[in-house]
Amino acid sequence: MKISVREEEIILDKERAIYLPKEQLLAISDLHLGKAAHFRKAGLAVPNIVSKNDLDRLSELLEKYLPKQLLINGDMFHSDYNTEIDEFAKWKENFNEINFILVKGNHDKQSEEVYKNLAIEVYEPNYQTDKFCFIHDVAHCRSNLYAISGHIHPGISIYNKAKQRLKFPCFYFGEDHAVLPAFSNFTGLHLVKAKETDMVFAITPTKIVKV
């Protein structure tokens with residue numbers, strides 16, 4: 001689905017990503033790699049296929065859009081260094097021609113050496129294009145550019161014809177900022193309260209729906 005924000009085209013993808021054709025930039029938020037391993041370390045039986053599925057989806061997006069840059073808008077890694085980061089390093093070797101950018105989020109606490117070894121450019125608190133300011137938590141934005149954030153894992157409630165309440169992740173675009181959905185499927189949802197002037201797009205299993 002294509003929309004226009006500040007007179008620039010943005011493509012919304014149902015795999016919880018946006019693509020900026022002008023910048024040749026693919027952006028996601030809240031990848032949370034290592035979250036499953038973190039929970040397993042705490043004694044909870046979370047399968048390691050969680051991160052693999054997320055990386056498979058990301059591979060498909062990179063092959064679909066062929067971006068020059070991949071921007072991860074915060075919370076790339078969920079916790080301390082673990083085996084899933086090693087798996088990511090091996091996966092990343094398939095995309096050496098793409099520039100990986102990380103805007104630091106509250107969970108991004110790896111050492112500078114880790115990011116350097118992974119060839120990831122790190123920005124804190126934001127990364128800016130001509131029109132947009134990518135920042136993990138919009139509450140910390142100090143820019144006049146249109147802010148694109150993540151962090152809260154936005155969701156929306158929709159009632160179907162049977163009057164059943166369904167919850168979906170969503171893209172939120174307000175007057176002065178947007179919120180990207182969490183890319184990882186292993187996250188919860190924070191229901192957003194939209195104004196009439198806002199644009200909200202629910203991400204269903206098959207398509208994106210403007211609410």
Side-chain angles (χ1 to χ4, degrees), residues 1-32 58 61 64-65 67-76 101-108 121-160 165-185 187-211:
M1 177 178 286
K2 296 180 181 180
I3 65 171
S4 179
V5 177
R6 299 287 172 93
E7 299 181 344
E8 185 166 334
E9 181 181 281
I10 295 179
I11 298 174
L12 311 183
D13 195 286
K14 70 178 183 64
E15 291 300 333
R16 310 186 186 191
I18 63 172
Y19 182 63
L20 279 59
K22 179 184 175 183
E23 309 289 341
Q24 292 184 276
L25 182 148
L26 181 73
I28 64 173
S29 188
D30 298 276
L31 182 56
H32 286 284
L58 187 51
L61 285 167
K64 177 179 179 180
Y65 292 102
K68 288 186 176 180
Q69 303 178 91
L70 170 66
L71 186 148
I72 301 166
N73 202 26
D75 288 0
M76 178 177 184
I101 297 170
L102 169 65
V103 176
K104 270 195 170 183
N106 53 297
H107 281 279
D108 293 308
E121 291 185 15
V122 178
Y123 288 81
E124 189 176 13
N126 60 54
Y127 175 85
Q128 297 183 2
T129 67
D130 289 343
K131 300 285 182 69
F132 305 117
C133 171
F134 286 91
I135 189 165
H136 185 59
D137 185 350
V138 72
H140 299 154
C141 187
R142 300 292 183 270
S143 171
N144 292 325
L145 298 172
Y146 187 85
I148 298 178
S149 66
H151 185 51
I152 67 170
H153 309 171
I156 192 75
S157 285
I158 299 176
Y159 289 89
N160 63 13
R165 187 188 185 196
L166 305 176
K167 297 179 182 179
F168 299 104
C170 70
F171 296 96
Y172 167 87
F173 288 87
E175 182 178 348
D176 55 8
H177 78 278
V179 186
L180 300 182
F183 184 79
S184 176
N185 284 316
T187 55
L189 292 177
H190 171 78
L191 298 182
V192 297
K193 297 180 180 179
K195 303 175 183 177
E196 290 186 4
T197 55
D198 296 338
M199 295 189 295
V200 179
F201 302 88
I203 306 168
T204 75
T206 57
K207 61 183 178 179
I208 296 174
V209 179
K210 187 174 182 181
V211 179

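Sequence positions, counted from 1, serve as the residue numbers for this chain. Keep in mind it's a predicted model, so treat the numbers as computed, not measured.
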Original post:
Under 30°, 30 to 60°, or over 60°: which ring-plane class applies to H151 and H136, parallel, tilted or perpendicular?
Top reply: perpendicular
Original post:
Can you tell me how far SG of C170 sits from CG of L12, rounded to the nearest 0.5 angstrom?
Top reply: 11.0 Å
Original post:
Between S184 (side chain) and T187 (backbone), is there a donor-acceptor pair under 3.5 Å?
Top reply: no
Original post:
Taking C-beta and beyond as the side chain, do H177 and I148 meet within less than 4.5 Å on heavy atoms?
Top reply: no
Original post:
Between D108 (side chain) and D75 (backbone), is there a donor-acceptor pair under 3.5 Å?
Top reply: yes
Original post:
Do D13 and K64 meet the salt-bridge criterion of a basic N to acidic O distance under 4.0 Å?
Top reply: yes
Original post:
What are the two closest heavy atoms between G174 and D198, and how far apart are they?
Top reply: CA-OD1, 3.4 Å
**OP:** Could you point out which residue of L20, I28, V103 forms a side chain to side chain contact (heavy atoms under 4.5 Å, CB included) with L71?
**Re:** V103
Original post:
Can any side-chain N or O of R16 pair as donor or acceptor with the backbone N or O of P181 at less than 3.5 Å?
Top reply: no
**OP:** Evaluate the side-chain proximity of K131 to E7: yes if any heavy-atom separation is below 4.5 Å, no if none is.
**Re:** yes
Original post:
Is it the case that Y146 and D176 place a side-chain donor and acceptor less than 3.5 Å from each other?
Top reply: no
Original post:
If you measure from CG on L61 to CD1 on I18, what distance do you get to the nearest 0.5 Å?
Top reply: 12.0 Å
**OP:** Considering non-hydrogen atoms only, spot the tightest contact between E175 and R6 and give its length.
**Re:** O-NH2, 3.8 Å
Subject >> Modelled atom types, side-chain donor and acceptor of Y127 and N73, under 3.5 Å >> reply: no
Original post:
Side chains of I11 and P21: closer than 4.5 Å at any heavy-atom pair?
Top reply: yes
